[in-house]
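Lettering of chains follows the sequences in order, A, B, ..., and the numbering in each one begins at 1.
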Amino acid sequence: MRLSRYFIPTVKETPKEAQEISHILLLKAGLIKPLMSGIYEYLPLGLKVITKIQQIIREEMNQINGQELLLPILTGRELWEETNRWNTFGNEMFKLKDRNDRDMCLAPTHEEIITDLARREIQSYRQLPQIWYQLQTKFRDEPRPRGAVLRMRQFIMKDSYSLDRNEEGLEESFQMHREAYSRIFRRCGLDTVVVGASSGLMGGSASDEFMFLSESGEDSIALCNTCDYAANVEVAATRLKPIQGDKEEITEVHTPVPGTVEAVANLLAKPKEFFIKSLLYIGNNEPIFVLVRGDHEVNETKLAGILGHQFRIANPDEAKNITGADIGYISPIRLENVEIYVDVNLKDCKGMITGANKNEYHFAGVSIERDINPKQFVDIITANEGDPCPQCSGGSLCIKKAIELAHLFKLGTKYSQSMKCFFTDSDGTEKPVIMGSYGIGVERIMAAVIDKYHDSAGIQWPISIAPFLVHLIPLDLTFEDVKNISERIYEELSENDISTLIDDRDERPGFKFKDADLIGIPIQIIVGKRSLQNGCCEIKLRKEDRKHSVSPNEVILFVRNLIEEERKQYAR
RNA sequence: CGGGGCGUAGCGCAGUUUGGUAGCGCGCUUGGUUCGGGACCAAGAGGCCGGAGGUUCAAAUCCUCUCGCCCCGACCA
């Protein structure tokens, strides 16, 4: 491809809206352009990268007997009513009406569509298992799109769905996906961490996420520094040692400071872990106390899972009515008729401090076992950096930011039950199909790769997903030799199916070098009169400083070897 | 949805406090000189100052209302 005729609108100045490195470079290198909030145009160079990523995904999905299909984006309301997701997706779903005033939506995901297809076509266990996948645009009206392609309202997802006869089959499909995904990310040059996660709106029994560690990430994950424990902080557990405070009896302590754990801890000169944070929630119009240790926060994702119904934090008036004190001085101690959920890490704690239900007073010497009557001990806190690992002894947790690249769900029968997707098993009985769903964010891979492979000058594409393999840079085209030799090399590369971008523009050398480094094509060939005087041109990898002097006749051979060497790093 | 910031030439910005000819850098066009890390000279083109209303002799500037974008938070596969 000739750069003089190729559309790569690079920009020298950093766009003001971009914060994350991937966002900045996607715009500067002319890969994408914004159209609206969370909606982008993919320009030729960006599309080439996306296509490469998709090709790797296809190869690995086909390898596990996945079958590619393509489902509609525009769908009717009825299917979504069957699973109640017309409502539960809420504002995140783009909804519209057709000319006959029928409710439609742009599919945010495709469980309902795939289940509908399956229930019409799958009758017998003989037709199972199946893995169906697609590379399809999804629409989600995100409340806050960010970081260019990190969170978009229109994006490409590879989503696949497994249909199995039983739990064992699901387990197998799930494992196959995990392995395929590992290979996909490895081939794209990314290292990932697989973490346990919350299944949220998708439902189902278990879910794993493939995470790429990055400060640009929106998710936080907890990793053990000793064993292999890894979980999204939304679900990460910990195992804190029970606190044994010094006071045995409950006593009232005057605490004339704002009722935060911080302030009272300072006043009493006690570390925060000696406190019980008592939070009052309202759910089903009933007060619910949630108790956690003073140095930790309530994890509302976990709370949602425990309560199984809607809830919200109580407002100051409600708190006062229920306890007689302002928020900050409250606790369930000596209160009647309140549901109490206590974090499991508070079990057996003694000598604790918490609100006395009287303004500017706290109780000291509280014993969980003696003074609190919980409905249930539950895992309800967000793990902090340095907390003990819940899985091994001696390990502690690190909290890292990460980009969620993929999410795998064991859906079980959630969709097949509600949508009546049944098959007849070998014993003649009718059973619901056991399902799994497995998504990959295609553009997020692109962003993660840029996040990992760049320097101050621009992108350094791994050869496996690079938009071109070779960037050929003739300097000073007014020199006949430079022009002729670079044209010859260009033709040879093309004949050998080595995708090449030749910078045939009438620009100064520095300009061409800067563009080449910004775009980040992995192999650069420089043809200039200076090195031609020694009978050579120069070949270098974008990611290295080292230049190789190579005779024009040997360029093809040299480049072939380079490509082969590079490819090894991103092999399956 | 809450908080903050911003909409002026294709891009990045100044001008708004204190109303009075719309500017700068990059990019673009033409000509010339240059040519191994985003050159230089000269001459040009290009803007209803996001939109609508209002105040005023006069509005990019003041007032009201709107639309959009970005960041933080909430929310979220």
Taking only side-chain nitrogens and oxygens of A/Arg144, does any of them come within less than 4.0 Å of OP1 or OP2 of B/C75? no
Any donor-acceptor N or O pair under 3.5 Å, side chains A/Glu443, A/Tyr42: yes
Pair A/Ser160, A/His177: side-chain N/O donor-acceptor within cut-off below 3.5 Å: yes
Does a donor on one side chain and an acceptor on the other come within less than 3.5 Å for A/Gln175 and A/Glu171? yes
Whole angstrom is fine here: how far is it from CD1 in A/Ile24 over to P in B/C70? 15 Å
Tell me whether the OP1 or OP2 atom of B/C70 has a side-chain N or O from A/Ser37 closer than 4.0 Å. yes
Looking only at the side chains, is there a donor atom on one of A/His296 and A/Lys277 sitting less than 3.5 Å from an acceptor on the other? no
Extract from the structure each pairing of a protein N or O with an N or O of nucleotides 8-10 of chain B at less than 3.5 Å, listing the distance.
none

Is it the case that B/G36 (base atoms only) and A/Asp476 (side chain only) share a donor and an acceptor within less than 3.5 Å, ignoring hydrogens and angles? no
With a 4.0 Å cutoff (strictly under), does any side-chain N or O of A/Arg508 reach OP1 or OP2 of B/C40? no
Strictly below 4.0 Å, heavy-atom distances to any atom of RNA chain B: list the hits from residues 72-94 of chain A, or just say none. A/Glu92
Detail all sub-3.5 Å separations between protein N/O atoms and N/O atoms belonging to nucleotides 27-33 of chain B.
none

